Number of protein chains: 2
Amino acid sequence: MKKISESAVRRLSLYLRLLRGIAGDQELISSQELAEPSGSTSAQVRKDLSLFGSFGQRGKGYSVPELIDTLERILGLERRWRVAVVGVGKLGSALLGYRGLSERGFDVVVAFDVDTEKVGTELNGIDICSIDSLSRVVRERGVEIGIIATPPEEAEGIVSRLADAGVSAVLSFAPIELGNRDPMVVRTMDLALELEGLTFALTSARNGDS
Amino acid sequence: MKKISESAVRRLSLYLRLLRGIAGDQELISSQELAEPSGSTSAQVRKDLSLFGSFGQRGKGYSVPELIDTLERILGLERRWRVAVVGVGKLGSALLGYRGLSERGFDVVVAFDVDTEKVGTELNGIDICSIDSLSRVVRERGVEIGIIATPPEEAEGIVSRLADAGVSAVLSFAPIELGNRDPMVVRTMDLALELEGLTFALTSARNGDS
DNA sequence: GGCGGCTTGTGAAAACCTTCACAAGAAACC
DNA sequence: GGTTTCTTGTGAAGGTTTTCACAAGCCGCC
Ligand SMILES: NC(=O)c1ccc[n+]([C@@H]2O[C@H](COP(=O)([O-])OP(=O)(O)OC[C@H]3O[C@@H](n4cnc5c(N)ncnc54)[C@H](O)[C@@H]3O)[C@@H](O)[C@H]2O)c1
Ligand SMILES: NC(=O)c1ccc[n+]([C@@H]2O[C@H](COP(=O)([O-])OP(=O)(O)OC[C@H]3O[C@@H](n4cnc5c(N)ncnc54)[C@H](O)[C@@H]3O)[C@@H](O)[C@H]2O)c1
């Protein structure tokens, strides 16, 4: 199969997020209308979609409900995904209470922590299990994706445990580089790193750029 | 000035994060040693750095402390930045208690909310002010960067208020596209969108890719 | 049925980014 | 001093992504 770039996938997600927001209001949408609010161009939208097939109708545009279905299928969202949160601290607790996950097709089915005060309790209806039971519980509950919200120094070890337990993808909030364990997919979100992207833009704008 | 790509800036931040982790242990580092743990190549590292000058010594490598200083200067991190968090809910509260921000040069100097229960209190030594006082307080405290942690439907309006108050950059956690108000820099972190990048990889791997 | 206005799908061109490959400089050793 | 080993800095090549531009198809109207 053709190689799809990471930026193209990101844009497809953006298109989908946008389409879901207008579903019901509008039956058809043009590449132009889809492009503008997602900060893209109409040619880019058409190219992105054409990587997977022809979904539009010339002279009319794309059917909103059909395009939603198509994008969901492309992104693997025609079904729900089972997620575990590892580390129920400040950030982890926020994640357990985040409705935006289930709204977008991700069910947090269990959480893990080392803290014996937390283990055995539940938060928002989600059991907090001991990190020692990770392998067993992950298998029992069919966890497919892990979200890491532990201190950075624990992250590498937890990725290993998740990999061993058969989890196929990890999203980490720990600001540390995680080795890529093929065939597992690992991605890191680093808040400070994003802020550094902003300060770079501010600083280079203040000095001489065009 | 030459245009620097977003991915190059991201890699520079990664190099810096890595270097800070080894500062003290090692005086010199080669492009190869810097590349491997950040998932890059030595040629890429040298190219990235050469966009800004010549910082290495042939046959030896780069001086770790000097390279840290240089990267901090490039990214605008030779000084600290004043940040405001808008929306002190589950996520916002976690952010107010996040040490990773000040460790990386970002000081949360104030927070804002609409909730009258929260306004007037403080969390981790950070005052929570009324959103109605945003413009005044932002100016008084010299806020330069805003972090948005309100419900998505409030985000657009808050970006406008921040722009009016003279804030130059915004990082938003609200999963919604925010119009780009030149010269303000806006960036969005969408957790579900990152997860969708993972499900795409999982799904297309399961079907026929190479 | 034919015409004009619109919008897609897509090769080709342009822009951009990464990798290659090697000259040039630094140090260590004999 | 000469030779070997190492590593940077950088043009040029190679690859990928974005933009351009237009034929092909759809719709409504006369
Ligand atoms: N707090 C934030 O707003 C924020 C924002 C961005 C990124 N992060 C990152 O997210 C991670 C968590 O941050 P936090 O502020 O929630 O920290 P925290 O200290 O509040 O929580 C960490 C939790 O992880 C648990 N833990 C520690 N070791 C563990 C292990 N081996 N297995 C399972 N659980 C373990 C602890 O018991 C604790 O409950 C950190 O890496 C941090 O850098 C936090
Ligand atoms: N909770 C999470 O883990 C998480 C993760 C990723 C993204 N997000 C996103 O972050 C945002 C906040 O999520 P949350 O879970 O903390 O929500 P929350 O409901 O817990 O908190 C929202 C806070 O914003 C305040 N608020 C509402 N309108 C406001 C306004 N106009 N001005 C100032 N404050 C206002 C509310 O009083 C509340 O305190 C949402 O957009 C959500 O999608 C949350």
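Predicted model, so just to flag it, every value in this text is computed and none were measured. Order of the sequence lines sets the chain letters (A, B, ...), proteins ahead of strands, with each chain counted from 1.
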With the side chain defined as heavy atoms from C-beta on, A/Ala43 is closest, among D/dC20, C/dT18, D/dT8, to D/dC20

- request: Ignoring hydrogens and angles, state whether a donor on the side chain of A/Thr199 or A/Glu196 is under 3.5 Å from an acceptor on the partner side chain.
  value: no

* Asked: If you count the non-hydrogen atoms of other residues, nucleotides and ligands that lie under 6.0 Å from CZ in B/Arg79, is the total more than 12?
  -> yes

Atom CZ of B/Arg10 and atom C1' of C/dC17 are separated, to the nearest Å, by 16 Å

message: With a cut-off of less than 4.0 Å, is there a side-chain N or O of B/Arg46 near OP1 or OP2 of C/dT18?
response: no

Whole-Å distance, B/Asp48 CG to C/dC16 C1', equals 14 Å

- prompt: Any side-chain N or O of A/Gln57 under 4.0 Å from OP1/OP2 of D/dG25?
  reply: no

Of the listed D/dT7, C/dG9, D/dC27, the closest approach to the A/Arg58 side chain comes from C/dG9

Phosphate contact (D/dT19 OP1 or OP2) by A/Gln44 side-chain N/O below 4.0 Å: yes

C/dA26, OP1 or OP2 - any side-chain N/O from B/Tyr62 closer than 4.0 Å? no

Given C/dC17, is OP1 or OP2 found less than 4.0 Å from the side-chain N or O atoms of B/Ser5? yes

- NA contact type, B/Ser31, heavy-atom cut-off 4.0 Å: base, sugar-phosphate, or nothing? sugar-phosphate

Between CD of A/Glu6 and C1' of C/dT18 the distance, given in whole Å, is 15 Å

*May I have the step-by-step check of side-chain contact (heavy atoms from CB on, under 4.5 Å) for B/Leu12 and B/Leu14, ending in yes or no?*
CA-CA 5 Å; B/Leu12 292 174; B/Leu14 283 174; over 6 Å; no

Against the side chain of A/Ser7, the closest entry in C/dT18, C/dC22, D/dT17 is D/dT17

Walking DNA chain D from its 5' end, the first of B/Lys60 and A/Ser40 to be reached, judged by nearest nucleotide, is B/Lys60

Closest of D/dT19, C/dT18, D/dT8 to the B/Arg11 side chain is C/dT18

To the nearest angstrom, the CG-C1' distance between B/Leu34 and D/dT8 comes to 13 Å

query = Quick check: does any side chain N or O of B/Ser133 sit under 3.5 Å from a backbone N or O of B/Arg136, one acting as donor and the other as acceptor?
reply = no

Looking only at C/dT19, C/dA27, C/dT10, the nucleotide nearest the B/Thr41 side chain is C/dT19

To the nearest angstrom, the CD-P distance between A/Glu27 and D/dC27 comes to 13 Å

Handout entry: Donor-acceptor contact below 3.5 Å, side chain B/Arg82 vs main chain B/Asp107
Key = no

Side-chain N or O of B/Lys47 versus OP1/OP2 of C/dT19: is the shortest distance under 4.0 Å? no

